[in-house]
Amino acid sequence: MKPLVMRIVFWSVLVAALAILAGVVYEQYGRYRAARDFPAPGKMVDIGGGRRIQLDCRGAGSPTVVFEDGLSIDGSLSWAAVQPAVAQRTRACSYSRAGLMWSDASNAPRSAKQVAQDLHEALMRAGERGPFVLVGQSLGGLYATTFTRYFGSEVAGLVLVDPSHPDQVARVAAFMTETRSLRSRIAVSLAWTGLLRAAVPSLLPRAPNQTEHDARAVRAFAPKSMVTQMAEGDATDAVLAEAGAFRDLGSRPLVVLTAMAPYTGSELRGMQITPEQGVQVQAIWEKMHEEMAAWSSRSTHRLLPKAGHDIQFDDPRAVIEAVLSVVEAVRADGAIPPG
């Protein structure tokens with residue numbers, strides 16, 4: 001009987017090992033196909049230390065608009081519905097942060113300063129020079145203000161697209177506790193086995209105003225990008241605290257866009273709140289954005305009643321108009337405002 005048990009254990013372990021090996025091969029082949037089928041738009045910029053950052057710059061003119069995405073996996077493709085129109089009027093650059101889409105991952109501790117330094121290095125090595133107009137969505141809004149903190153002489157204006165607020169966790173803590181499920185963490189941690197890649201098509205539907213090509217590219221790189229997204233999410237509290245130390249944008253032209261569409265059922269379930277609490281949270285969100293608008297003495301705060309958090313997908317025209325209004329204000333100034 002004992003030899004029989006040992007044979008059963010042996011074959012069970014062998015089958016499991018072969019299944020894992022097949023998954024690893026499937027994942028590696030998926031990464032090879034992603035790179036082959038969806039080459040990086042723009043160029044890969046060597047920023048030193050053996051790392052490259054994907055940077056896609058188009059158009060001509062000054063100031064140069066630089067787009068920063070939020071806590072997502074889309075990288076530069078987050079701005080695909082916005083960038084072409086802006087590039088018709090001035091130079092416009094989108095990029096993918098370290099570890100997202102085509103960009104190489106970083107071993108440095110995650111911080112807003114590190115993100116700013118990576119972006120600045122990529123722009124400088126690619127020959128892109130200020131003045132810059134920074135456009136940041138969600139957490140990308142605070143990455144944009146942090147870039148301004150460290151490279152302020154090059155920043156002429158900003159557009160914050162439904163931005164995160166440094167105090168948002170404390171301000172809404174009484175209403176919700178949004179956390180990543182254990183199942184999500186396990187799925188991301190097992191990305192190397194191919195399990196996450198197999199599940200990606202059902203997890204990532206195409207966003208509004210997103211092309212099928214871009215949606216397929218995001219899915220192709222998702223197992224890699226989601227590992228970075230999880231790490232960025234875990235570092236969010238530290239990034240909020242870090243970014244909160246700088247709230248003075250001087251007299252730079254600033255537009256803050258606030259999404260005011262009612263939360264969807266899935267959003268309410270994710271935040272574990274009722275529709276009534278959702279209305280209260282949105283009121284707090286609007287108030288925090290009013291405060292962020294006051295970070296500059298030349299600001300505009302616009303409410304968008306039909307757009308959700310990803311305004312660049314839900315209402316790209318509103319983002320385009322906001323960006324071009326800041327571009328024109330900077331051009332009228334003729335110089336970078338002090339601050």
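Predicted model only: the values in this text are computed from it and were never measured.
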Partners meeting side chain to side chain donor-acceptor pair (under 3.5 Å) with [X] (sequence neighbours left out):
X: R302; result: none
X: E291; result: H165, R171
X: D167; result: R247

To the nearest 0.5 Å, what is the distance between [atom1] on [X] and [atom2] on [Y]?
X: L254; Y: T300; atom1: CG; atom2: OG1; result: 8.0 Å
X: I73; Y: S96; atom1: CD1; atom2: OG; result: 11.0 Å
X: Y95; Y: L55; atom1: OH; atom2: CG; result: 9.5 Å
X: L257; Y: H301; atom1: CG; atom2: NE2; result: 8.0 Å
X: D315; Y: L304; atom1: CG; atom2: CG; result: 5.5 Å
X: L71; Y: M230; atom1: CG; atom2: CE; result: 10.0 Å

Under the salt bridge (charged side-chain N to carboxylate O under 4.0 Å, His left out) test, residues paired with [X] that sit two or more places apart:
X: E276; value: none
X: D56; value: R58
X: D69; value: R97

Q. Looking at residues at least two apart in the chain, or sitting in another chain, which of them share a ring-ring contact (aromatic ring centres under 6.0 Å, His included) with F67?
A.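 Only W79 meet the ring-ring contact (aromatic ring centres under 6.0 Å, His included) criterion with F67.
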H289: ring-ring contact (aromatic ring centres under 6.0 Å, His included) partners, not counting sequence neighbours =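 Per chain and number, H289 pairs via ring-ring contact (aromatic ring centres under 6.0 Å, His included) with W285.
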Would you mind reporting whether [Y] and [X] have side-chain heavy atoms less than 4.5 Å apart?
X: W102; Y: P41; result: yes
X: Y143; Y: L119; result: no
X: Y150; Y: Q117; result: no
X: T145; Y: W295; result: yes
X: L123; Y: E154; result: no
X: S299; Y: V256; result: no
X: R252; Y: T148; result: yes
X: L134; Y: E68; result: no

side-chain hydrogen bond (donor to acceptor under 3.5 Å, both in side chains) partner of Q54, the single match among S76, S94, S103 =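 With Q54 as partner, side-chain hydrogen bond (donor to acceptor under 3.5 Å, both in side chains) holds for just one option, S76.
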For the hydrophobic clusters of this structure (ILVMFWY residues joined by side-chain heavy atoms under 4.5 Å, transitively), does one cluster hold both [X] and [Y]?
X: L142; Y: F132; value: yes
X: M271; Y: M260; value: no
X: V86; Y: V133; value: yes

Fill in: salt bridge (Lys or Arg N to Asp or Glu O under 4.0 Å) contacts in which one or both residues fall within residues 126-139, not counting sequence neighbours
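Found R91-E128.
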Could you name each residue pair satisfying salt bridge (Lys or Arg N to Asp or Glu O under 4.0 Å) that touches residues 108-127, not counting sequence neighbours?
->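 For residues 108-127, and leaving out neighbouring residues, the salt bridge (Lys or Arg N to Asp or Glu O under 4.0 Å) pairs sorted by first residue read R51-D118, E121-R125.
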Given side chain to side chain contact (heavy atoms under 4.5 Å, CB included), test D74 with Q210 step by step and report yes or no.
CA-CA 11 Å; D74 297 70; Q210 184 182 46; 3.5 Å; yes
Please tabulate, for the side chains in residues 307-314, all donor-acceptor contacts under 3.5 angstrom to protein atoms that are two or more places apart in sequence or on a different chain.
residue: H309; atom: ND1; partner: D162; partner atom: OD2; Å: 2.5
residue: H309; atom: NE2; partner: S138; partner atom: OG; Å: 2.8
residue: D310; atom: OD1; partner: Q137; partner atom: NE2; Å: 3.2
residue: Q312; atom: NE2; partner: S78; partner atom: OG; Å: 2.9
residue: D314; atom: OD2; partner: G308; partner atom: N; Å: 2.8

Classify the angle between the aromatic ring planes of H120 and F147 as parallel (below 30°), tilted (30 to 60°) or perpendicular (above 60°).
->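 Tilted.
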What are the two closest non-hydrogen atoms of [X] and [Y], and how far apart are they?
X: M101; Y: F221; result: O-CD2, 3.5 Å
X: G61; Y: T90; result: C-OG1, 3.4 Å
X: A98; Y: T228; result: O-CG2, 3.4 Å
X: S72; Y: Q229; result: CA-NE2, 3.7 Å
X: M44; Y: A40; result: SD-CB, 3.8 Å
X: G141; Y: P163; result: CA-CB, 4.3 Å

Legend entry - Any side-chain donor near an acceptor of the partner, T258 and E286, under 3.5 Å: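 No, E286 and T258 have no side-chain donor paired with an acceptor closer than 3.5 Å.
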Could you check V239 against L139 for side chain to side chain contact (heavy atoms under 4.5 Å, CB included), going step by step and ending with a plain yes or no? CA-CA 9 Å; V239 168; L139 190 62; 4.0 Å; yes
### Task
Assess whether side chain to side chain contact (heavy atoms under 4.5 Å, CB included) is satisfied between R219 and R206, documenting all intermediate values.
CA-CA 10 Å; R219 293 183 194 121; R206 191 172 75 179; 4.3 Å; yes
#### Entry: side chain to side chain donor-acceptor pair (under 3.5 Å) assessment of Q114 paired with S106
CA-CA 10 Å; Q114 181 62 43; S106 171; 4.6 Å; no
| field | M288 and I284: CA distance, side-chain angles, deciding distance, side chain to side chain contact (heavy atoms under 4.5 Å, CB included) verdict | value | CA-CA 6 Å; M288 288 191 291; I284 295 172; 4.1 Å; yes
All N/O donor-acceptor pairs, side-chain side in residues 317-328, below 3.5 Å, sequence neighbours left out:
residue: S325; atom: OG; partner: A322; partner atom: O; Å: 2.6
residue: E328; atom: OE2; partner: R331; partner atom: NH1; Å: 3.2

